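These notes are about the structure you will find just below.
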Amino acid sequence: MVCKLSTRLMNICVASFCKVQQLEKAEAVIVDAIRLGTLPDVVTYNTLVAAYCRFVDLDAGYSVLHRMREADIYPNVVTYNSLIAGASNHCLLSRCLDLFDEMIKMGIPPDVWSYNTLMHCFFRLGKPEEANKVFQDIVTSKLSPCSTTFNTMLNGLCKNGYTANALMLFRSLQRHGFIPQLLTYNILIDGLCKSGWLRAARTILKELGKSGLSPNANTYTTVMKYCFRARQFEEGIEVFHEMKDKGYTYDAFAYCTVSSAFAKTGRLEEAYRCFELMVEKGIELDIVSYNILVNMYCIEGRLEEVYDLLYEIEEAGLKCDQYTHTTLIDGLCRAGNIDGALKHLKYMDTLGFDSNLVAYNCMVDRLCKAGYTNNALKIFETMEVKDCITYTSLVHNLCKERRFLHASKLLQACLNRGMKVRRPTQRVVVKGLHRSGLYSEARMLQSKIRVAKFCTD
DNA sequence: TCTACGAACT
């Protein structure tokens with residue numbers, strides 16, 4: 001009995017250290033406990049597996065699995081779920097699936113948590129069909145779906161562009177007696193806003209108000225972000241004050257949302273003030289907050305100071321990510337230092353990020369805006385991956401230079417690749433072709449637009 | 001002891 005109690009106490013200590021990312025201290029607790037005669041159990045090891053997967057990497061989590069085997073402790077479904085989550089967070093789908101095989105071979109049947117995590121992994125990788133298959137499996141199998149199953153599904157549908165399906169699923173769940181949680185509302189409000197379904201988002205927000213639940217800091221931050229994005233500043237600031245009145249303390253998310261919105265609209269003094277408030281509150285800056293500061297310096301053209309800031313980021317033990325580099329590249333272009341931007345872009349290429357697409361797009365867009373369309377086209381030719389934003393920047397600027405035929409060819413290439421192009425962009429090209437007397441090209445483009453519309457509808 | 005939401009770059 002005494003031993004059991006001390007194992008529980010040890011586990012509470014280990015979990016507390018793991019929670020705040022102090023893995024060495026957690027390990028030290030275990031060493032001390034063993035010295036005093038208390039052996040770690042499966043819960044102790046599971047806590048470590050989860051922490052190593054979250055804060056280090058999957059292999060570190062896996063090495064704890066080996067340690068538990070050496071200690072003759074058998075992993076259970078929670079152990080594997082932590083590993084699956086680790087694989088999922090690093091987008092390692094094949095490792096996720098291997099772990100499923102491994103646990104089944106070991107006689108540990110996956111539970112609804114395992115499947116929820118797999119579903120989330122498919123959604124994160126942009127594979128909604130596979131995620132939906134997992135969802136259907138959960139619903140029709142003996143595993144009963146839980147609220148996380150539905151929340152994960154709703155979130156995944158929204159993030160993968162299936163907003164209408166998410167809304168339909170939500171209504172159908174409600175008809176079947178599902179009581180939405182605050183998290184469910186937050187997921188839907190953000191998802192609907194992101195897809196531009198502002199009216200539907202407002203309806204859900206109203207339903208949240210009537211549900212007896214109170215919005216939290218997360219809800220306020222989301223609503224605020226979309227007010228700013230829709231250029232409804234006064235409304236956004238109102239939400240900001242309402243959040244304060246309701247007694248919510250602002251966290252890094254709220255401060256970052258507001259200061260970045262101010263910066264984007266040229267209200268730099270207010271942006272800095274907001275950022276300072278965050279620092280005064282003692283909120284530790286993470287890489288996202290630093291990136292917002294980098295952007296503010298770039299907007300002001302304080303590029304020398306940006307380099308100091310990059311140094312400060314590394315000094316703080318953080319790592320510059322693709323946003324940091326992209327923001328700097330954009331800032332260099334904005335300041336007219338195209339050579340510097342190109343140099344940094346090449347440097348970024350060597351850093352091994354998943355994608356440098358946005359950085360390339362910044363280069364293309366800023367070159368176009370500065371009137372160097374041919375240089376932008378040269379960069380465009382070297383790009384392996386392009387998206388509709390790449391094409392749209394070029395098309396608009398070619399039109400500005402009255403190079404409608406070239407714009408039309410690019411627009412068609414874009415449509416042929418199945419990318420969506422905004423209506424105003426299409427109209428500019430068609431109108432330009434007509435005005436220049438290029439009627440047959442205009443007809444060809446219009447028919448391409450119709451076919452593309454038919455395919456996407 | 002394990003899963004799901006909000007902040008940054010065109």
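Here is the naming used below: chain letters follow the sequence lines, and residue numbers restart at 1 for every chain. Computed from a prediction, not measured in an experiment: that's the story for all the values here.
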Discussion item. Heavy atoms within less than 4.0 Å of DNA chain B: which residues of residues 271-293 of chain A have one? Give them sorted by number.
Written reply: Asp286(A), Val288(A), Asn291(A), Ile292(A)
Discussion item. Take a 6.0 Å sphere around CZ of Arg202(A) and say whether it holds more than 12 heavy atoms from other residues, nucleotides or ligands.
Written reply: no
Discussion item. Measure CG/Leu318(A) against C1'/dA8(B) and give the value in whole Å, please.
Written reply: 14 Å
Discussion item. If I take atom CG in residue Asn11(A) and atom C1' in nucleotide dC2(B), what distance separates them, rounded to the nearest angstrom?
Written reply: 14 Å
Item to complete: Could you work out which one of dC5(B), dT1(B), dT10(B) sits closest to the side chain of Arg366(A)?
Response: dT10(B)
Worksheet item: Can you tell which of dC2(B), dA4(B), dT10(B) lies closest to the side chain of Asp365(A)?
Response: dT10(B)
Phosphate OP1/OP2 of [N] contacted by [X] side-chain N/O (<4.0 Å):
X	N	answer
Asn155(A)	dC5(B)	yes
His344(A)	dC9(B)	no
Lys194(A)	dC5(B)	no

Item to complete: Would you tell me whether Asn151(A) and Thr148(A) have side-chain atoms, one donor and one acceptor, within less than 3.5 Å of each other?
Response: no
Worksheet item: Is it true that the side chains of Ser6(A) and Thr38(A) contain a donor and an acceptor less than 3.5 Å apart?
Response: yes
Worksheet item: In terms of the angle between their ring planes, are Tyr255(A) and Tyr250(A) parallel, tilted or perpendicular, with boundaries placed at 30° and 60°?
Response: perpendicular
Worksheet item: In this structure, which one of Asp365(A), Asp349(A), Thr390(A), Thr326(A) forms a side-chain hydrogen bond (donor to acceptor under 3.5 Å, both in side chains) with Tyr360(A)?
Response: Asp349(A)
Worksheet item: Under 6.0 Å between the ring centres of Tyr115(A) and Phe100(A)?
Response: yes
Practice prompt. Tell me what Thr47(A) touches on the nucleic acid: a base, only sugar-phosphate, or nothing, going by heavy atoms under 4.0 Å.
Written response: sugar-phosphate
